[in-house]
Amino acid sequence: MACATAILISGLLAQSAQAQTLTMRSALTRALAASPRLTAAERDVGIATGQRIQAGALLNPELSYEQDNSFGSGIYRGTKLAETTLQISQAFELFGKREARIAAGSAGAEVAAIQRKAIRLEVLSETAIAFLSVLGAQRRIQILDEQVAAIDRLTPLLRRRVEAGASSPAETGRAEVASALVKADRERFKATLASARRELSVLMGDPTPKFSEVSGRLDTMGRPPAFQSVVAAIDANPQLVRWTAVYAQRNAELLLARLKPYPDVRIAAGWRHFNETSDDAVRLTVSVPIPVFDQNQGNILSAQESLAKTKAEREANRNALIVIAGRAYDSLQGSLRELAILRETAIPKAQEAAEAISQGYGQGRFTLLEVLDAQASVTQARLREQEAQQNFHAAVATIEGLVGNPFTLARESAR
């Protein structure tokens, strides 16, 4: 009894999880929590933090033991005349090498932290677009369902006309063909919906969808700001802000390369014992390398070129972001113009024509082909409207991922 009850409860919980409705906010939250790219970026932050800590570490001292004049021949046989030395030495970095190394490590940690912010924006933008794809596919299937229902509503009237001899029996087959074609389109959109659901589910960390549908509105629009303001906002994108930290890192690496030829000082102090006389003495050593052959010229040149390359890389990155933003902005503007035409002219006129033709068909003034054509025009106009709405919000999501802040549009209900 207990096992059966547990199985029943687990089954109900599974059905409840499967039947839940997903919102945009929930999808974004789950995607951030499950994104492996974001997890990898956080590990990069940890790696850079460790490198920064290591950069500030002092050089370790060295302990050495020496034994001279022993295990030889003649009077030096054995250790009677041996001289033993126990010595500790320490190298001291001069000319700010350690400080330059710490600066390079700190800049590297800042680069990793900013890169994590950039990846976070990308994850949010990708998830929002995937969510909109599911929402759009659901709406397309709904529109086709309504068209199938409209065709099916003609069937009783069509049969009465055939029985009265006002229409040919072939028109029944024509209506069935029209309904079948719409159903075929619906099946194609269902396959698209399944792919979109799976893509969104994977972004949220689930291999298979655990939601029944997504909820949101695509009909909420707003007026976008000028494109120049979008371009100005792109400069705050973490992908571009990151280059400031990259420049600081490469500048510190150049300074470190220039300082490397400057010699460090190694100081050693030891204790020496003379076995022959049992006397002791102190041994002091100071050593400085002479930078004659290797002055690190190759690494200095490489660091100089890397520093000079930073500005070009930032400009290339900025130009790529502006191109992406421009495409999204043009798509957004085009969607608004398309929606204006569809809502002001195409959809109202198509609906009026379809209603008039449907009424006239019952009175024998129009053919079935004209009725079906009018209904198809309404469906196509509504599908175009849905596509334009989805393109609008996808463009907004793309731009939001580039500017780093929510776009100033009234679209909260679509989230």
Does a side-chain heavy-atom distance below 4.5 Å link L94 with Y262?
no
Please determine whether salt bridge (charged side-chain N to carboxylate O under 4.0 Å, His left out) holds for the pair E213 and R197, giving the CA-CA distance in whole Å, both sets of side-chain angles, and the decisive distance to 0.1 Å.
CA-CA 9 Å; E213 61 180 11; R197 281 167 50 84; over 6 Å; no
side-chain contact (heavy atoms from CB on, under 4.5 Å) assessment of V111 paired with Q249
CA-CA 8 Å; V111 169; Q249 181 183 23; 4.0 Å; yes
Where the side chain of N319 meets the backbone of E315, is there a donor-acceptor pair that is under 3.5 Å apart?
yes
Check the surroundings of atom CD in Q54: do more than 12 heavy atoms from other residues, nucleotides or ligands lie under 6.0 Å from it?
no
Between P348 and L342 the two heavy atoms that sit nearest each other are CD-O, 3.5 Å
M204 vs L22 side-chain heavy atoms within contact, under 4.5 Å
yes
Could you pull out the closest heavy-atom pair between L336 and P224, with the gap in Å?
CD1-CD, 3.6 Å
Judged by atom type as modelled, is there a donor-acceptor pair below 3.5 Å linking the side chain of H273 to the main-chain atoms of T85?
no
W271 vs V282 side-chain heavy atoms within contact, under 4.5 Å:
no
Which pair of non-hydrogen atoms, one from F131 and one from S215, has the smallest distance, and what is that distance?
CZ-O, 3.4 Å
Rounded to the nearest 0.5 Å, how far does CH2 of W243 lie from CZ of R318?
14.5 Å
Go through the side-chain N and O atoms of Q147 and T379 and say whether any donor and acceptor fall under 3.5 Å apart.
yes
Just verifying a value: how many Å separate L240 CG and I322 CD1, rounded to the nearest 0.5 Å?
8.0 Å
Passing option when E93 is tested against R98, R101, K260, R266 for salt bridge (Lys or Arg N to Asp or Glu O under 4.0 Å):
R101
For residues A27 and L200, report the shortest heavy-atom separation together with the two atoms involved.
CB-CD1, 4.4 Å
How about Q390 and Q386: does a side-chain donor come under 3.5 Å of a side-chain acceptor?
yes
Indicate yes or no for a side-chain donor-acceptor contact from N391 to the backbone of E387 under 3.5 Å, with no hydrogens or angles considered.
yes
Tell me whether E385 is salt-bridged to R382, with the criterion being a basic N under 4.0 Å from an acidic carboxylate O.
no
Considering non-hydrogen atoms only, spot the tightest contact between L254 and Q304 and give its length.
CD1-CG, 3.4 Å
Separation between OG1 (T49) and CZ (R52), nearest 0.5 Å, reads 5.0 Å
Run the numbers on R242 and E313 for salt bridge (charged side-chain N to carboxylate O under 4.0 Å, His left out), then give the verdict.
CA-CA 11 Å; R242 178 177 66 93; E313 287 178 324; over 6 Å; no
Short N-O contact, R327 and D330, less than 4.0 angstrom
no
Quick check on R272: does its CZ atom have over 12 non-hydrogen neighbours (other residues, nucleotides or ligands) under 6.0 Å away?
yes
Which residue is it: R139, K183, R186? I am looking for the one with a salt bridge (Lys or Arg N to Asp or Glu O under 4.0 Å) to D145.
R186
Are the side chains of T21 and S212 in touch, meaning some heavy atoms are under 4.5 Å apart?
yes
Any salt bridge between E253 and R258, counting N to O under 4.0 Å?
no
Between D152 and S179, is any pair of side-chain heavy atoms under 4.5 Å apart?
yes
Distance from R217 atom CZ to M24 atom CE, nearest 0.5 Å?
14.0 Å
Given the rule in the side-chain contact (heavy atoms from CB on, under 4.5 Å) test, do L121 and E400 qualify, once you have shown the distances and angles that lead to the verdict?
CA-CA 8 Å; L121 284 177; E400 285 182 346; over 6 Å; no
Could you tell me whether a side-chain N or O of T79 sits under 3.5 Å from a main-chain N or O of A82, the two making a donor and an acceptor?
no
Check whether T398 reaches the backbone of A394 with its side chain - one donor and one acceptor, N or O, closer than 3.5 Å.
yes
Taking atom CD1 of I347 and atom OG of S377, what is their separation to the nearest 0.5 Å?
12.0 Å
Give a yes or no answer on whether the side chain of Q90 reaches the backbone of L59 with a donor-acceptor pair at less than 3.5 Å.
yes
Measuring from L369:CG to I357:CD1, what's the distance to the nearest 0.5 Å?
10.0 Å
Flag side-chain contact, heavy atom, 4.5 Å: L38 against R120:
yes
Take Y329 and I399 through the test side-chain contact (heavy atoms from CB on, under 4.5 Å) and record every step on the way to the result.
CA-CA 8 Å; Y329 192 86; I399 295 175; 4.2 Å; yes
State which residue, out of R314, Q115, E122, fulfils the side chain to side chain contact (heavy atoms under 4.5 Å, CB included) condition with Q239.
E122
Whether the side chain of S229 engages the backbone of A226 through a donor-acceptor N/O pair (distance < 3.5 Å, no angle test) should be reported.
yes
Would you mind reporting whether E187 and F189 have side-chain heavy atoms less than 4.5 Å apart?
no
Can any side-chain N or O of S306 pair as donor or acceptor with the backbone N or O of S302 at less than 3.5 Å?
yes
Show the nearest heavy-atom pair for residues L372 and A175, with the distance to one decimal.
CD1-CA, 4.3 Å
D44 side chain to A112 main-chain N or O, any donor-acceptor pair under 3.5 Å?
no
Tell me whether N237 contacts the main-chain N or O of L402 through its side chain, where contact means a donor paired with an acceptor under 3.5 Å.
yes
When you look at N299 and N296, which way does the side-chain contact (heavy atoms from CB on, under 4.5 Å) test go after all the steps?
CA-CA 6 Å; N299 288 332; N296 208 38; 2.6 Å; yes
Taking 4.0 angstrom as the limit, do D206 and R30 come out as a salt bridge?
yes
Heavy-atom check, side chain of Q138 versus side chain of L193, under 4.5 Å
yes
Exercise: do Y65 and Q67 side chains pair donor with acceptor under 3.5 Å
yes
